[in-house]
Undergrad: 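I'd like to ask some things about the structure below.
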Amino acid sequence: MTLYFYNSLSRRKELFIPQDESCIKLYVCGPTVYDRAHLGNARSAVVFDQLFRLLRIYYPAVHYARNITDVDDKINEASLTRGLPIEAITQETTAWYQQDMTRLNALPPTVEPRATAHISEMIDMIQTLIVKGHAYEAEGHVLFRVVSFPEYGKLSGRSQDDVLAGARVEVAPFKEDPSDFVLWKPSESPMPGWESPWGFGRPGWHIECSAMGQKHLGFPLDIHCGGHDLQFPHHENEIAQGECATGKTCARYWLHNGMLTVDGQKMSKSLGNFITMEEAFSMAPGEVIRYVLLSGHYRQDLDWNESHILQARQAMDRFYQVKGLAEAQGVSFDIEPEADIEVNPVLEALEDDLNTPKAFAILHQLANSLYKDFSIPVFLQFYQGAQTLGLLSMSSGEWFQGSLDETGLCMADVEQAILDRAQAKCDKDYGQADRIRLDLLEKGIVLEDHKDGTTTWKKS
RNA sequence: GGCCGGGUGACAGAGUGGUUAUGUGGAGGACUGCAAAUCCUUUUACGCUGGUUCGAUUCCGGUCCCGGCCUCCA
């Protein structure tokens, strides 16, 4: 029971020691709901879902919050472009996101707070910051006074001078200091807004996570997660405002996932190489996508390409074949959570900073062993490992046969074809037998003959 | 310019101061009427360069490339 995580705050791998073993506090930065989720969003969600699943094995309760950002300038833009009310956009996009995450076997968080439901908490926090001298009002804006927080930059490893040196943003004239950031800004119709002590306005980007993290979990959080691109400025600013407002550490462990590239290029709006989950699901089933997303270490960049998808699909086929062996043996899939923890090498790999590639290697070793000599204890290790990775959620029948829709066949067609082929084989009419098999293959059905004379089928 | 992360065999991708990672692909074989699945054998490694060491892909220095963040971004 020794979990190690690479902590962005210290820039090294650390033993994980929770504040309270009876309840772990996990916060993950969720999506801004203005457009369909893309693979980058999915990677973050899947990687930290995997963390959630692991933590649940070791601790009795894990409180996992993942926010929905439903107030943002990009949402306002989408609303204008599409001519739809803001709520219509955010509700639709949130529903898509949740469906997509379900298809990836990402468990729902304990709580999924929406920014617009926490405006008063944000206003309270901003007021506290003003009272304490960490924020000031200027021309309807409220800004965080960065010089008031000497530790600013501790997460991203930059000094305040560095921040200025690299500043590419045009500095608003009302800022006391160029690195100050917005907590609250004025709004005019049709922009969404709320009444506040500083007039009608809306929150800046960073304050929501601090307010919601504090409300739903409470500082200090045990683990705060998000994409590496959020490390600066988003998380740096969260630390600044959160710690100044509450006087408590924001989070004790910060985990950041690496970026996703597509055919070697970073996925980005400007390059136009965003892959939405809708597109991704048209290329591969959810578990295959999940396998791809976990096939590299979470902190490294990961490339999305055809070859990756193919390899993941083959690996999943092999794993499901093993599950099929277990089903044939009548193995019960009820795993007692604590049964094999101390000796499960898959979990050992995951304990070491979520080493999913190593975990997959071990799953393959276990699969090899199971093919040669099936044993229930080894299978249970294999299965528990796969489940902790969020895989093998269906039966092998569902996996290999699933829906026949795209083949244009029905179950009876396939069964009749198998019978016809068996007759042809009986008659030694191998030409006819092969024609039947090739005909099915063209329609996406592969036949497998077994030693006992039976024939089974699966989708290719 | 500042900060950070990488460079491993055909490809993907872990790891280690001295022993096969793992998967895919290629080659050969077993099984099969032919396939599929499975099994066996096999092929090419650790960017370059100094140093430490009995010994370095693994530690230290230098060097050359690549990528990310510094602007909305998972």
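Every chain is numbered from 1, with letters handed out A, B, ... down the list of sequences.
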Undergrad: Please report the distance separating the P of B/rA45 from the corresponding atom of B/rA10, rounded so that it comes out in whole Å.
TA: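 Each nucleotide's P atom is 7 Å from the other's.
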
Undergrad: Please report the shortest heavy-atom distance between A/L363 and A/A386, naming the atom on each side.
TA: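 Nearest pair, atom of A/L363 first, then A/A386: CD2-N, 3.9 Å.
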
Undergrad: Between B/rU8 and B/rC48, how far apart are the two P atoms, rounded to whole Å?
TA: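 Their P atoms lie roughly 10 Å apart.
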
Undergrad: Touch check for A/D317, heavy atoms < 4.0 angstrom, all strands: base, sugar-phosphate only, or nothing?
TA: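 Touches nothing.
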
Undergrad: Respond yes when some side-chain nitrogen or oxygen of A/Q321 is under 4.0 Å from OP1 or OP2 of B/rA36, and no when none is.
TA: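 Result: no.
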
Undergrad: Once you apply a heavy-atom cut-off of 4.0 Å, does A/H256 come out as touching a base, just sugar-phosphate, or nothing?
TA: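 Nothing: the residue A/H256, judged by heavy atoms under 4.0 Å, touches no strand.
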
Undergrad: So, OP1 or OP2 of B/rU38: does either fall under 4.0 Å of a side-chain N or O from A/K451?
TA: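 No, no such contact exists.
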
Undergrad: Counting side-chain heavy atoms from C-beta on, which of B/rA37, B/rG13, B/rU22 comes nearest to A/P357?
TA: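 Shortest atom-to-atom distance from the side chain points to B/rG13.
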
Undergrad: Would you classify A/Q231 as touching base, sugar-phosphate or nothing, given that sugar-phosphate means primed atoms plus P, OP1 and OP2, and contacts are heavy atoms under 4.0 Å?
TA: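 No contact.
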
Undergrad: When the distance from NE2 of A/H234 to P of B/rC70 is rounded to whole Å, what number comes out?
TA: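 It works out to 13 Å between those atoms.
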
Undergrad: May I ask you to check whether A/Y291 and A/F360 place their ring centers less than 6.0 Å from one another?
TA: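 They qualify: ring centres under 6.0 Å apart.
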
Undergrad: Measure up the A/H235 and A/H256 rings against each other and bin them: parallel (under 30°), tilted (30 to 60°), perpendicular (over 60°).
TA: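 Plane angle between 30° and 60°, so tilted.
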
Undergrad: Please find the pair of heavy atoms, one from A/H224 and one from A/C29, that lie closest to each other, and give the distance.
TA: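 Answer, listing the atom of A/H224 first, then A/C29: NE2-SG, 3.6 Å.
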
Undergrad: Would you please enumerate the stems RNA chain B participates in, each stem being three or more consecutive Watson-Crick or G-U wobble pairs with both distances under 3.5 Å?
TA: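 In RNA chain B, stems of three or more pairs: B:1-7 with B:64-70, B:10-12 with B:22-24, B:26-30 with B:38-42, B:47-51 with B:59-63.
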
Undergrad: Taking any heavy-atom pair under 4.0 Å as a contact, classify A/Y430: base, sugar-phosphate, or nothing.
TA: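 The answer is base, as A/Y430 lies within the cut-off (heavy atoms under 4.0 Å) of a base atom.
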
Undergrad: With sugar-phosphate meaning primed atoms plus P, OP1 and OP2, does A/N257 contact a base, only sugar-phosphate, or nothing at under 4.0 Å between heavy atoms?
TA: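 Contact class for A/N257: base.
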
Undergrad: Under 4.0 Å, heavy atoms only, any strand: does A/S295 hit a base, just the sugar-phosphate, or nothing?
TA: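 Since only primed, P, OP1 and OP2 atoms lie under 4.0 Å of A/S295, the category is sugar-phosphate.
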
Undergrad: Could you work out the separation of B/rG13 and B/rU20 based on their P atoms and round it to a whole Å?
TA: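 One P to the other, the span is 23 Å.
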
Undergrad: Any base atoms under 4.0 Å from A/L438, or only sugar-phosphate, or nothing? Heavy atoms, all strands.
TA: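 No contact.
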
Undergrad: Answer yes if the ring centres of A/F16 and A/Y4 are under 6.0 angstrom apart, and no otherwise.
TA: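 Centroid separation for A/F16 and A/Y4: 6.0 Å or greater.
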
Undergrad: Check every strand shown and say whether A/K266 touches a base, only sugar-phosphate, or nothing at a heavy-atom separation below 4.0 Å.
TA: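 Base, at least one base atom sits under 4.0 Å.
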
Undergrad: Using OP1 and OP2 only, check whether a side-chain N or O of A/N355 sits under 4.0 Å from B/rG13.
TA: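 Answer no for this pair, as no side-chain N or O of A/N355 is under 4.0 Å from OP1 or OP2.
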
Undergrad: Within the 4.0 Å heavy-atom criterion, would you say A/R318 contacts the bases, only the backbone, or no part of the nucleic acid?
TA: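 It contacts sugar-phosphate atoms only.
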
Undergrad: Can you tell me how far the CG atom of A/N237 sits from the CG atom of A/D180, to the nearest 0.5 Å?
TA: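 Rounded to the nearest 0.5 Å, the CG-CG separation comes out at 10.0 Å.
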
Undergrad: Toward the 5' end of RNA chain B, which comes first, A/R11 or A/D449, by nearest nucleotide?
TA: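 Residue closer to the 5' terminus by nearest nucleotide: A/R11.
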
Undergrad: What integer distance in Å separates A/N67:CG from B/rA74:C1'?
TA: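 My rounded result for the distance is 11 Å.
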
Undergrad: Expressed as a whole number of angstroms, how long is the span from A/H364:NE2 to B/rU38:P?
TA: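 That distance rounds to 10 Å.
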
Undergrad: Would you indicate what A/K425 reaches in the nucleic acid, counting non-hydrogen atoms under 4.0 angstrom: base, sugar-phosphate, or nothing?
TA: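 The answer is base, as A/K425 lies within the cut-off (heavy atoms under 4.0 Å) of a base atom.
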
Undergrad: Distance check, P atoms only: B/rU58 and B/rU19, in whole angstrom units.
TA: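 About 13 Å, rounded to a whole number of Å.
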
Undergrad: Going by ring-ring contact (aromatic ring centres under 6.0 Å, His included), A/H38 matches just one of A/W96, A/Y97, A/F274. Which one?
TA: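 Of the listed residues A/W96, A/Y97, A/F274, the ring-ring contact (aromatic ring centres under 6.0 Å, His included) partner of A/H38 is A/F274.
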
Undergrad: Which whole number of Å gives the distance between the P atom of B/rC64 and that of B/rU49?
TA: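 It comes out at 15 Å once rounded to the nearest Å.
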
Undergrad: Using whole Å, what does the distance between atom C1' of nucleotide B/rU22 and atom CZ of A/F319 come to?
TA: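 The answer, rounded to whole Å, is 10 Å.
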
Undergrad: Where each residue is assigned the nucleotide of RNA chain B containing its nearest heavy atom, which of A/P31 and A/D303 is assigned the position nearer the 5′ end?
TA: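 Looking at the nearest nucleotide for each, A/D303 comes out on the 5' side.
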
Undergrad: Quick one: label A/R435 by what it contacts on the DNA or RNA (base, sugar-phosphate, nothing), any heavy atom closer than 4.0 Å.
TA: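 Touches nothing.
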
Undergrad: Just verifying a value: how many Å separate A/F319 CZ and A/L370 CG, rounded to the nearest 0.5 Å?
TA: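 It comes to 11.0 Å.
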
Undergrad: So A/G227, base contact, sugar-phosphate only, or nothing? Heavy-atom distance under 4.0 Å.
TA: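 The residue A/G227 makes sugar-phosphate contact but no base contact.
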
Undergrad: NA contact type, A/D352, heavy-atom cut-off 4.0 Å: base, sugar-phosphate, or nothing?
TA: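 Here A/D352 touches no strand at all.
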
Undergrad: Grab the NZ-C1' distance between A/K358 and B/rG23 for me, whole Å please.
TA: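 The distance from NZ of A/K358 to C1' of B/rG23 comes to 16 Å, rounded to the nearest Å.
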
Undergrad: Students often get this wrong, so: under 4.0 angstrom with heavy atoms, is A/D434 touching a base, only sugar-phosphate, or nothing?
TA: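 Contact class for A/D434: base.
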
